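Here is the structure we will look at, set down as structure tokens.
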Protein chains: 2
Amino acid sequence: MSNFSSRRQAVLEVMKTMRCHPTADRVYEECRKTIPNISLATVYRNLAFWEQAGVVGRVVGCDNKERYDVELDNHCHVICPECGEVEDMDYPAELKEYLDNYCLDNGFEKFGLSFYKVCDKCSKDNLKQAK
Amino acid sequence: MSNFSSRRQAVLEVMKTMRCHPTADRVYEECRKTIPNISLATVYRNLAFWEQAGVVGRVVGCDNKERYDVELDNHCHVICPECGEVEDMDYPAELKEYLDNYCLDNGFEKFGLSFYKVCDKCSKDNLKQAK
DNA sequence: AAGAAAAATAAAAATAATTATCATTTTTGT
DNA sequence: ACAAAAATGATAATTATTTTTATTTTTCTT
């Protein structure tokens, strides 16, 4: 009964259920679990579709891969400078308010805030390598 | 008398004199004005060198090109969502202090703050197209 | 200053991510 | 049911970046 094709829906569904901020390739992998013959081009196309629709946004990490995200509004990002993985974090309320007002006052459309910290996985890997 | 090769110096010099946050390709273009036969690979290599040396940093814009920057410390970025150009802006002092402390308290290495606004060039272009 | 070792380079090839093309299939509207 | 439009898979093309390799430049040692 939906207006969208099953693959288009699947791409969004995957985006909603993955808690990380996947690259297109990760979304593709995930989609193939339920739709084995979906093509990577379709994933890119539909990510672009949902982006245009305003449902999905791009997140800039720190490697040169695009990462995608749903519901960008109320969180900032914690980025691992080594692997580029991006996690969500709620804004401290007062900070969010400050920044919202700052945007209004200065004509900015939106803002993005990121913090950097080596993720658990990478710091473990570093320990192993050091041995 | 410098420790660095002339091309290595040139790359840094160009970075310091360009006020925008150029892509590697723009740096290459600029370098060729003084060193016509410098190669793009050398520009990439030396940007990476200066990055490792901690002098140059990467900035994430909104297209999928890497952009480079010197002196990342005391400014945030204003990014044009259409062309990806990145400009510097000083932090409001109180905000900077708040964020610095927030990092210290929570074990983050650093933070990055960006605001989004269509740049003058793009908004003019949009007007022209609309006619 | 000479000559060996190390570092830096240009040019080109390779890689990786993303986008475009195109023939075919699926969906939609009437 | 059938024509028109949209979506898709497969693959080719494009774009940005990195690696390779043979050569040149710089540095070090004597």
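As the structure is a computational prediction, the values presented were derived from the model and not from experiment. Per chain, numbering begins at 1; letters A, B, ... match sequence-line order.
- For B:Phe49 and C:dA8, the CZ to P distance is 7 Å, given to the nearest whole Å.
- To the nearest angstrom, P of C:dA8 lies 14 Å from CD1 of B:Ile38.
- Side-chain N/O atoms of B:Arg7 include none lying less than 4.0 angstrom from OP1 or OP2 on C:dA8.
- When the C1' atom of C:dT19 is taken as reference, atom OH of A:Tyr28 falls 16 Å away, rounded to whole Å.
- Regarding B:Gln9, its CD atom lies at a distance of 15 Å from the C1' atom of C:dA7, rounded to whole Å.
- Rounding to whole angstrom units, CZ of residue B:Arg8 and C1' of D:dT26 are separated by 12 Å.
- Of the candidate nucleotides D:dA16, C:dT18, C:dA10, D:dA16 has the atom nearest to the side chain of B:Lys65.
- Within the 4.0 angstrom heavy-atom criterion, no nucleotide atom of any strand lies near A:Asp25.
- A salt bridge links B:Arg26 with B:Glu29: the distance from a Lys NZ or Arg NE/NH1/NH2 to an Asp or Glu carboxylate oxygen falls below 4.0 Å.
- For A:Leu47 and C:dA20, the CG to P distance is 15 Å, given to the nearest whole Å.
- Here D:dA16 is the nucleotide among D:dA16, C:dA17, C:dT9 with the atom lying nearest to any side-chain atom of B:Tyr44.
- Distances shown here put every side-chain N or O of A:Asn37 at or beyond 4.0 Å from the OP1 or OP2 atom of D:dT8.
- Cation-pi geometry between A:Arg58 and A:Tyr68 is not satisfied (NZ or CZ under 6.0 Å from the ring centre, within 45° of the ring normal).
- Taking 4.0 angstrom as the limit, A:Ser5 places a side-chain polar atom (N or O) nearer than this to OP1 or OP2 of D:dT8.
- Between B:Glu85 and B:Arg67 there is a salt bridge, since a side-chain N of the basic residue sits under 4.0 Å from a carboxylate O of the acidic one.
- Minimum atom distance to the side chain of B:Ala41 is reached by C:dA12, of the listed D:dA10, C:dT18, C:dA12.
- Atom CD of A:Glu87 has 12 or fewer heavy atoms from other residues, nucleotides or ligands within 6.0 Å.
- Between the CZ atom of B:Arg67 and the C1' atom of D:dA16 there is a distance of 13 Å, given to the nearest Å.
- We find the CG-CD distance between A:Leu47 and A:Glu66 to be 10.5 Å, quoted to the nearest 0.5 Å.
- The side chain of B:Arg45 lies closest to C:dA11, out of C:dA11, D:dT17, C:dT19.
- Taking atom CG of residue A:Leu40 and atom P of nucleotide D:dA12, one finds them 15 Å apart after rounding to whole Å.
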